[in-house]
Amino acid sequence: MTYNRRTFLGSAALTAGLLAAPMVRAQGKPRVVIIGGGAGGATAARYIAKDSEGAIDVTLVEPTRTYYTCFFSNLYLGGYRDMQSLGHSYGTLAADYGINVVHDWAVGVDRDAKTVTLAGGASLPYDRLILSPGIDFVDGAVEGWDLSSQNAMPHAYKGGSQTELLKAQIMAMPQGGTYAMVAPPNPYRCPPGPYERISMVAHTLKEANPTAKILIADPKEKFSKQGLFEEGWNDHYAGMIERVGPDFGGADVSVDPTAMTLSIDGDVNNVDVCNVIPAMKAGRIAEIAGITEGNWAPVNAADMSSKMDANIHVLGDAAAQGDMPKSGFSANSQAKVCANAVRGALTGSTVFPARFANTCWSLINTEDGVKVGATYEATEEKIAKVDGFISQTGESDDLRAATYQESVGWYDGIVADMFG
Amino acid sequence: MWQRFFLMVLLCTAGTSWAEVGGDAENGEALFRQCRGCHQIGEGARDRIGPHLNNIFDRPAGVAEDYRYSEGMQRAASGGLIWTYDTLDDFIENPRRLVSKTRMSFRGFDDQKDRDDLLAYLRQFSASPGNIPEAAPTAAAVDHEVAPEVLAIIGDPAYGEYLSGECTSCHQASGATDGIPAITNWPAEDFVVVMHAYKDGVRAHPVMQMMAGRLSNEEIAALAAYFESIE
């Protein structure tokens, strides 16, 4: 069947009128509430509003007025980006797409009444709810650390003030001091993220504090792009970085935020900066909604709907979906599949088959970029990997520089896709 | 259109090893007059408007010292383009098809024999060129019946709009270009040809080969129709 946009929309509206009436509320347009304005939520809001052309009432709940992306925040630590270039407003989504942007925290979900409660007291009714809350940290994951310690020992694993705090602490390190990282166990947001961060911190210290040391306590045997990072660390930051894996106690750590010590397998290290990245779980609202199993919210691959509630969809880091890494790119990809499915369910528009993709770029040193990526499809069981690639060790400087330039272009592309 | 379509079918059915063997270098020298305005070759050749062409065979693209290559050529080079008989043949048939935004403003040699002759001439100035690939056995028996279906597919722009979500994670719908090229408002036919070139591994870029690799002919046509249509 071939149709142009006008006949397509016309027939969709007609179908919705004839067949889909029971699905929508007695009066007014169908309502979609989206919690979380990051790569998943902002993209879903924009695509539903754009493609439904006013037929769906879209509300986006996001506490921050300026959203600082977590992706590319490592480049701020490395001195390649300023903080302002990572901040984005929701003005275009409100003004050009008619999205009702509410700056508040979602604190409750009543799945029977189909309402979301906000910290400010308001209640938002929905026909479909999309949760894209990102991550929170597992309580007690690192002995001695909790959220009240995040000023002394920042996680910097949500974009914004934490990132700025960590940078300030790095710049204030005494000459020859030690930057320590407690790396997270799988699964977590942005698999290459901690190691790109190590590269960027090393780059900054090499200029500002060349005798400084970097110590990583890592509970994982292996990590994303390991060969590429280790090659780069040898080439650019030789003798600076020590990683303690699980064989030598990297999983057996505790911290003392007052004394500024990090204990690895009982050995106490005095450190100057301690970047604690604890084990992660779905953003708290997913748990409150009662749709998590363990730390994450299981979803159906075809439309990202919760396995526990067909009227709720979960995007991005919070979802347990199968093979895709937890990344902004993945969330953006999943959001478009979800938006298409939600629109189809509420207005009768054509639902196309799900397809997903991800690419993660990492910067190791100036103009030394690498990437890993894959395509995915929806199966009954999960999102399953189809095909993939990864940068190779020993690539030419030109290719690495081109890969970095590509990542800069991607950043502009994805934020345009999220925020309009 | 038929020229392109013919080439594409050859690419699809016979990979890259399809060029005819053994052109006439003398005729190639005569044809090279059309290139001499920009390119030098032989003893003492230097980079002029275009880079010199000594030892061009089996040389990676974009490596002539001091020559300022276009962004398009730099991109192709960083993607791993090597000048072999096949890639040179592809390039001189239609430079912009292989390397979009190359500064080489030459319409190309349509005739396979002209290209073979020219390459036979150029090859004399390369110290150790790779063997001229033998024509693949299937190259002579191209299935002309399949091809019209591929290029004649009328893409469904609504499906293309949905599929374009995979593109706009990187390529901006506004047509902005910085680090990642614009893909809006291309003639649908060019879009289709380029996507098949990635799909068949002729154009080198791992992300694009992966993305194009799982697109069906209909899906490529749908994307081409959508990106041609948006403002």
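In what follows, chains are A, B, ... by sequence order, proteins preceding strands, each numbered from 1.
- Taking the six-membered ring where the residue is Trp, Phe191(B) and Phe227(B) present parallel rings, their angle staying beneath 30° rather than reaching 60°.
- By number of non-hydrogen pairs under 4.5 angstrom with chain A, the leading residue of His171(B), Arg214(B), Gln209(B) is Arg214(B).
- Shown here for Ala39(A) and Thr43(A), the closest heavy-atom pair between the two residues is O-OG1, 2.6 Å.
- Ranking Ser169(B), Gly165(B), Gly79(B) against chain A, the residue ahead of the rest is Ser169(B), based on heavy-atom pairs under 4.5 Å.
- Taking the six-membered ring where tryptophan is involved, the planes of Tyr67(A) and Phe419(A) are tilted, since the angle between them lies from 30° to 60°.
- Figure legend: cation-pi geometry between Arg81(A) and Tyr411(A), with NZ or CZ positioned under 6.0 Å from the six-membered ring centre and within 45° of its axis.
- Ranking Glu406(A), Gln405(A), Glu395(A), Arg400(A) against chain B, the residue ahead of the rest is Glu406(A), based on heavy-atom pairs under 4.5 Å.
- Asn332(A) touches chain B through its side chain: at least one heavy atom from C-beta onward sits under 4.5 Å away, while N, CA, C and O do not.
- For Glu219(B), the part lying near chain A is the side chain, with the backbone staying farther off; criterion is any non-hydrogen pair under 4.5 Å.
- Chosen from Ser333(A), Ala402(A), Gly373(A), Ala374(A), the residue pairing most often with chain B at heavy-atom distances under 4.5 Å is Ala374(A).
- If you measure heavy-atom distances from Val337(A) to chain B, the contacts under 4.5 Å come from both the backbone and the side chain.
- Top candidate by heavy-atom pairs under 4.5 Å with chain B, chosen from Glu377(A), Met418(A), Lys371(A), is Lys371(A).
- Only the side chain of Tyr47(A) comes within contact range of chain B, judged by heavy atoms closer than 4.5 Å.
- Per-residue counts of heavy-atom pairs under 4.5 Å with chain B were compared for Val415(A), Thr403(A), Asp412(A), Asp397(A); the largest is that of Asp412(A).
- Each of Arg75(B), His205(B), Gln74(B), Met211(B) has some count of heavy-atom pairs under 4.5 Å with chain A, and the biggest count is that of His205(B).
- Contact of the Gln321(A) side chain with the Ser330(A) side chain is not registered, since no non-hydrogen atoms from C-beta on lie closer than 4.5 Å.
- Side-chain contact between Phe229(A) and Ser224(A) is absent, with no heavy atoms from C-beta onward closer than 4.5 Å.
- Thr87(B) is not listed as a side-chain neighbour of Ile82(B), based on a closest heavy-atom distance of 4.5 Å or more.
- Checking side-chain atoms of Asp82(A) against main-chain N and O of Ser85(A) turns up a donor-acceptor pair under 3.5 Å.
- When each of Thr359(A), Val408(A), Asn340(A), Asp398(A) is checked for heavy-atom pairs under 4.5 Å with chain B, Asn340(A) comes out on top.
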